[in-house]
Amino acid sequence: MTRTDSRADLGRTAAASLGREAATLVRFVLVGLGNTAIGYGLILGGLRLGLGDYAANMAGFALGLPISYGLHRHLTFRARHRATRAEALRYGVAFLIAYAANLAVVAMGRAAGFDRSALVQGAAICTYAGVLFVLTRVTVFRARPAR
C-alpha cells in the first residue's frame, strides 16, 4: 500500500465517520423536535395557568425527562446494549447540566425585562438542546468505532 492509498483510506474513513455523526445529529434534532413540542406545550400551559417562569419551565422538563431518555437512547443513538443504571445516571447528569444552561438563559431574559416570555423560553430550550446533544454524545451514548 502506498502513502497515497493510506491517505485515501483515512479520508474515506473520516468522511464515513462524519456522515454517521451528521445522521445522528439529524436524528437528535428530529426526536428533539417532537420531545420539545411536548415540553414547550407544557411550559406554555403552565404559564397560562399562572405558574411563574421557573415553575412552568421545571414542570415541562421534568415531565419530558424519561421520554427524552428513552427516545434518544433508542431512536437517536440507536443503543443496542442493555440500559444500565450508570448510563441512566450519566443521562441524568447531562440533563441537569443542560437544564442549568437553560435556566441561565431564562434568568438572563428575566434580568433583561422579558418576564414570562415565550421567546426567552424558546431560546432556553435551544440552549438546552445544544448542550444535551454534546454531553449525551460524549458521555452517555459514546460513538462506537465502525466494525
Side-chain angles (χ1 to χ4, degrees), residues 1-47 51 53-110 112 114 116-147:
M1 183 183 284
T2 67
R3 290 177 82 169
T4 305
D5 290 339
S6 64
R7 283 188 204 150
D9 288 343
L10 282 174
R12 282 189 290 276
T13 301
S17 179
L18 186 58
R20 283 190 301 275
E21 286 305 310
T24 300
L25 180 58
V26 168
R27 288 190 307 271
F28 182 88
V29 169
L30 293 174
V31 167
L33 285 173
N35 196 41
T36 297
I38 294 166
Y40 191 53
L42 291 168
I43 289 168
L44 294 180
L47 290 173
L51 293 178
D53 286 314
Y54 296 110
N57 192 281
M58 187 183 320
F61 278 91
L63 294 172
L65 178 61
I67 295 167
S68 175
Y69 171 68
L71 291 175
H72 284 306
R73 182 173 204 288
H74 295 291
L75 299 177
T76 301
F77 297 104
R78 297 180 175 175
R80 300 288 182 239
H81 58 279
R82 176 173 289 190
T84 64
R85 276 188 238 170
E87 179 186 88
L89 181 61
R90 286 192 309 271
Y91 189 85
V93 170
F95 164 82
L96 289 174
I97 293 168
Y99 186 66
N102 168 75
L103 288 180
V105 172
V106 172
M108 287 185 285
R110 288 175 52 92
F114 297 101
R116 300 170 52 96
S117 167
L119 183 62
V120 169
Q121 293 289 344
I125 287 171
C126 289
T127 300
Y128 163 85
V131 172
L132 185 65
F133 176 76
V134 171
L135 291 176
T136 53
R137 180 37 126 191
V138 172
T139 65
V140 182
F141 305 111
R142 296 175 191 95
R144 306 269 192 259
R147 293 181 191 172

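Residues: numbered from 1 along the sequence shown.
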**Q** Please list all pairs passing the salt bridge (charged side-chain N to carboxylate O under 4.0 Å, His left out) test where one or both residues lie in residues 72-98, with sequence neighbours left out.
**A**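 The answer is Arg73-Glu87.
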**Q** How about Leu71 and Thr76: do any of their side-chain heavy atoms sit closer than 4.5 Å?
**A**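 Counting from C-beta outward, Leu71 and Thr76 never come under 4.5 Å.
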**Q** Which pairs would a plain distance check flag for residues 123-136, meaning a side-chain donor or acceptor within less than 3.5 Å of a matching protein atom at least two apart in sequence or in another chain?
**A**
from	atom 1	to	atom 2	distance (Å)
Thr127	OG1	Ala123	O	3.0
Thr136	OG1	Leu132	O	2.7
Thr136	OG1	Phe133	O	3.2

**Q** What pair of heavy atoms forms the shortest contact from Val106 to Val120, and how long is it?
**A** CA-CG1, 3.8 Å
**Q** What distance do Met108 atom CE and Leu103 atom CG have between them, rounded to the nearest 0.5 Å?
**A** 10.5 Å
**Q** State which residues pass side chain to side chain contact (heavy atoms under 4.5 Å, CB included) with Leu96; sequence neighbours excluded, sorted by chain then number.
**A**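 If we apply the side chain to side chain contact (heavy atoms under 4.5 Å, CB included) test to Leu96, skipping adjacent residues, there are no hits.
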**Q** Using the test side-chain hydrogen bond (donor to acceptor under 3.5 Å, both in side chains), find all partners of Asn57 that sit at least two apart in sequence or belong to another chain.
**A** Tyr99, Asn102, Gln121
**Q** Considering all heavy atoms of both residues, which atom of Ala56 and which atom of Gly46 are nearest to each other, and what is their separation?
**A** CB-C, 4.0 Å
**Q** Minimum heavy-atom separation for Ala94 and Val140, please, with both atom names.
**A** CB-CG2, 4.4 Å
**Q** To check you understand the geometry: which heavy-atom pair defines the closest contact between Gly60 and Leu42, and what is its length?
**A** CA-CB, 3.9 Å
**Q** Can you measure from CG (Leu25) to CG (Leu30) and round to the nearest 0.5 angstrom?
**A** 9.5 Å
**Q** For Arg110, enumerate each residue passing the side-chain hydrogen bond (donor to acceptor under 3.5 Å, both in side chains) test, keeping only those at least two apart in sequence or located in another chain.
**A** Asp53, Asp115
**Q** Do His72 and Tyr91 have side chains that approach each other closer than 4.5 Å (heavy atoms only, starting at C-beta)?
**A**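 Sidechains of Tyr91 and His72: in contact.
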**Q** Not counting sequence neighbours, which residues clear side chain to side chain contact (heavy atoms under 4.5 Å, CB included) with Ala118? List them please.
**A**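 If we apply the side chain to side chain contact (heavy atoms under 4.5 Å, CB included) test to Ala118, skipping adjacent residues, the hits are Tyr40, Leu44.
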**Q** Can you tell me how the ring of Phe141 sits relative to the ring of Phe77, calling it parallel under 30°, perpendicular over 60° and tilted otherwise?
**A** parallel
